[in-house]
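Just so it is clear, the values below take in all heavy atoms, side chains as well, and ignore hydrogens, waters and symmetry mates. Predicted, not measured: the structure shown is a model, and the values here were computed from it.
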Amino acid sequence: MAHTRTDGSAERPAAWSRALIAASALLLVAGVVSGCAGGDTTLDGSAGQGTGEIVVGAGDGAESRILAEIYAGALRSTGAPVTTEGGLGDRTAYLGQLDAGNVTLVPEFTGRLLRYYDPESTETEQDEVFEALSKALPQGLSISDFAAAEDRSALAVTPQASGQLDLTTLDELVPSCSTSTAVLAPAFEVDALPDLTGCTFARIRTVDDDAAAVGELDATAPADGAVRVAGVTTASPAVAGADLVLLADDEHVFTAQNVVPLFRIGTLTEAQLKALNVVAGELTTADLADMIGQVRGGADSADVARVWLDAHL
């Protein structure tokens with residue numbers, strides 16, 4: 001299993017801190033007008049009468065499909081009629097379906113959604129990303145609590161390299177960067193590497209996926225202090241199932257990517273919003289990685305989600 005050192009906020013975000021964020025967002029974004037259909041862009045005031053069938057949309061990826069089924073199951077637990085609609089394409093395509101009112105809710109990741117709506121944003125820490133996202137949303141859309149589950153970028157080394165070179169944090173990697181190779185998966189946040197102050201890798205290569213990046217790690221650290229580092233994302237089954245050390249990102253170099261539901265304001269009742277928040281309180285990165293692995297392995301996303309829902313709701 002992957003190991004990581006975290007600050008205390010990384011695995012289960014405190015509900016009270018998000019409540020403060022939501023309250024501050026209400027004050028900060030009142031009157032802001034942008035994007036699609038009218039309504040409040042804040043978390044407060046987003047509940048409605050919830051009439052009609054709820055449609056949960058999903059993109060083409062396994063992570064989107066499994067999260068859509070989890071949110072759909074949570075909403076069904078309130079007695080609401082819910083269907084899922086998958087295969088909606090990339091982010092631009094499925095957000096277009098949400099904007100048009102063809103779907104009610106889509107699962108998302110906080111950092112990626114923030115950069116989509118506000119490409120100039122610079123926030124990286126999870127609560128700051130959440131607050132900035134709540135202000136950047138087009139009118140008519142809202143988010144509820146984010147989950148501990150995340151798909152954040154991380155740099156990983158083998159336990160042997162970690163032990164021999166005393167590497168547990170990104171800061172401790174910096175002295176070795178100039179003689180080391182970074183092998184990066186496509187989804188890794190490569191644009192953030194310049195923010196790792198003092199670290200310029202001798203070589204950077206991109207490989208096909210997280211599994212390929214993990215597979216290229218050196219089993220033993222070279223005597224000259226050079227090390228091969230894998231740039232991966234934390235919800236990847238290849239990362240969760242490997243014996244790795246994920247270097248702690250104490251300075252929040254990489255953008256938070258917590259799971260969050262994005263939905264049309266006025267379409268969900270208070271009870272339904274509370275059901276979404278139950279998911280936020282229960283879903284972990286390990287859960288998500290395991291379920292993504294099952295779906296990529298051929299399992300039906302609805303069946304996989306049902307097992308998780310039965311255990312947690």
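Between the side chain of Gln257 and the main chain of Arg112, a donor-acceptor pair closer than 3.5 Å is present. No donor-acceptor pair under 3.5 Å is formed between the side chain of Thr181 and the backbone N or O of Arg228. Counting only distance, with no hydrogens or angles, the side chain of Asp145 and the backbone of Asn277 share no donor-acceptor pair below 3.5 Å. Proximity of a side-chain donor or acceptor of Arg152 to a complementary backbone N or O of Phe254 within less than 3.5 Å is not detected. Side chain of Thr84 to backbone of Glu69: no donor-acceptor contact under 3.5 angstrom is found. The closest donor-acceptor contact from the side chain of Asn258 to the backbone of Ala147 lies under 3.5 Å. Remark: the backbone N or O of Glu128 is paired with a side-chain donor or acceptor of Glu125 at under 3.5 angstrom. At least one donor-acceptor pair closer than 3.5 Å links the side chain of Ser236 to the backbone N or O of Ala238.
In this model, no donor atom of one side chain and acceptor atom of the other lie less than 3.5 Å apart for Gln126 and Thr110.
For the pair Asp290/Gln294, a side-chain contact is recorded, criterion being any heavy-atom separation below 4.5 Å from C-beta on. In this structure, Thr255 and Leu114 have side chains that are not in contact, with every pair of non-hydrogen atoms separated by 4.5 Å or more. With contacts defined as side-chain heavy-atom distances shorter than 4.5 Å, the pair Phe146/Asp127 qualifies. Proximity of Leu67 to Val259: side-chain heavy atoms (C-beta onward) are separated by under 4.5 Å at one or more points. Contact annotation: the side chain of Asp287 approaches that of His312 to within less than 4.5 Å [non-hydrogen atoms, C-beta and beyond]. Within the 4.5 Å cutoff, side-chain heavy atoms of Phe109 are placed close to those of Glu63. With a 4.5 Å cut-off on side-chain heavy atoms, Thr206 and Phe188 do not count as touching. In this structure, the side chains of Val239 and Leu246 come closer than 4.5 Å at one or more pairs of heavy atoms.
The minimum heavy-atom distance linking Thr233 with Ser153 is given by the pair CG2-OG, 4.0 Å. Across all their heavy atoms, Glu85 and Val103 have their closest contact at OE1-CG1, 4.3 Å. Among all heavy-atom pairs drawn from Asp250 and Thr169, the shortest one is OD2-CG2, 3.8 Å. Between Ala213 and Val232, the shortest heavy-atom contact is CB-CG1, 4.2 Å. Residues Gly57 and Pro107 share a closest heavy-atom pair of O-CD, 3.2 Å. Shown here for Phe201 and Leu193, the closest heavy-atom pair between the two residues is CE1-CD2, 4.2 Å.
Hydrophobic clustering of Ile, Leu, Val, Met, Phe, Trp and Tyr side chains at less than 4.5 Å, counting indirect connections, keeps Val207 apart from Leu217. A continuous path of hydrophobic side-chain contacts links Val304 to Leu313 [ILVMFWY only; heavy atoms under 4.5 Å]. Residues Val183 and Val245 fall into different hydrophobic clusters, defined by Ile, Leu, Val, Met, Phe, Trp and Tyr side chains chained together at heavy-atom separations under 4.5 Å. A continuous path of Ile, Leu, Val, Met, Phe, Trp and Tyr side chains, each step under 4.5 Å between heavy atoms, connects Tyr116 with Phe130, placing both in one hydrophobic cluster.
Within the model, atoms OG of Ser77 and CG of Leu309 stand 8.0 Å from one another, a figure rounded to the nearest 0.5 Å. Once rounded to the nearest 0.5 Å, the distance linking CG of Leu75 with OG1 of Thr267 reads 9.0 Å. The OG atom of Ser180 sits 11.0 Å away from the CD1 atom of Ile204 when rounded to the nearest 0.5 Å. Taking CZ of Arg65 as the start and CE of Met291 as the end, the distance is 13.0 Å to the nearest 0.5 Å. Note that CG of Leu167 is 11.0 Å distant from CG of Leu155, once rounded to the nearest 0.5 Å. If you take NZ on Lys274 and OG on Ser144, they are separated by 13.0 Å, rounding to the nearest 0.5 Å.
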Kindly determine whether Leu88 and Asn102 satisfy side chain to side chain contact (heavy atoms under 4.5 Å, CB included), including the steps that lead there. CA-CA 11 Å; Leu88 297 181; Asn102 296 325; over 6 Å; no

Residue pair Ile54, Gln272: steps toward the side chain to side chain contact (heavy atoms under 4.5 Å, CB included) verdict: CA-CA 10 Å; Ile54 297 169; Gln272 290 158 4; 3.8 Å; yes

Go through it in stages, so that I can follow the logic: the residues are Thr234 and Leu288, the test is side chain to side chain contact (heavy atoms under 4.5 Å, CB included), and I'd like the CA-CA distance, side-chain angles, deciding distance and then a yes or no. CA-CA 10 Å; Thr234 55; Leu288 181 57; over 6 Å; no

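Shown are Thr104, Ile66, Leu105; of these, the side chain to side chain contact (heavy atoms under 4.5 Å, CB included) with Tyr71 is made only by Leu105. When each of Val174, Leu170, Thr168 is paired with Glu172, the side chain to side chain contact (heavy atoms under 4.5 Å, CB included) condition holds for Thr168 and for no other.
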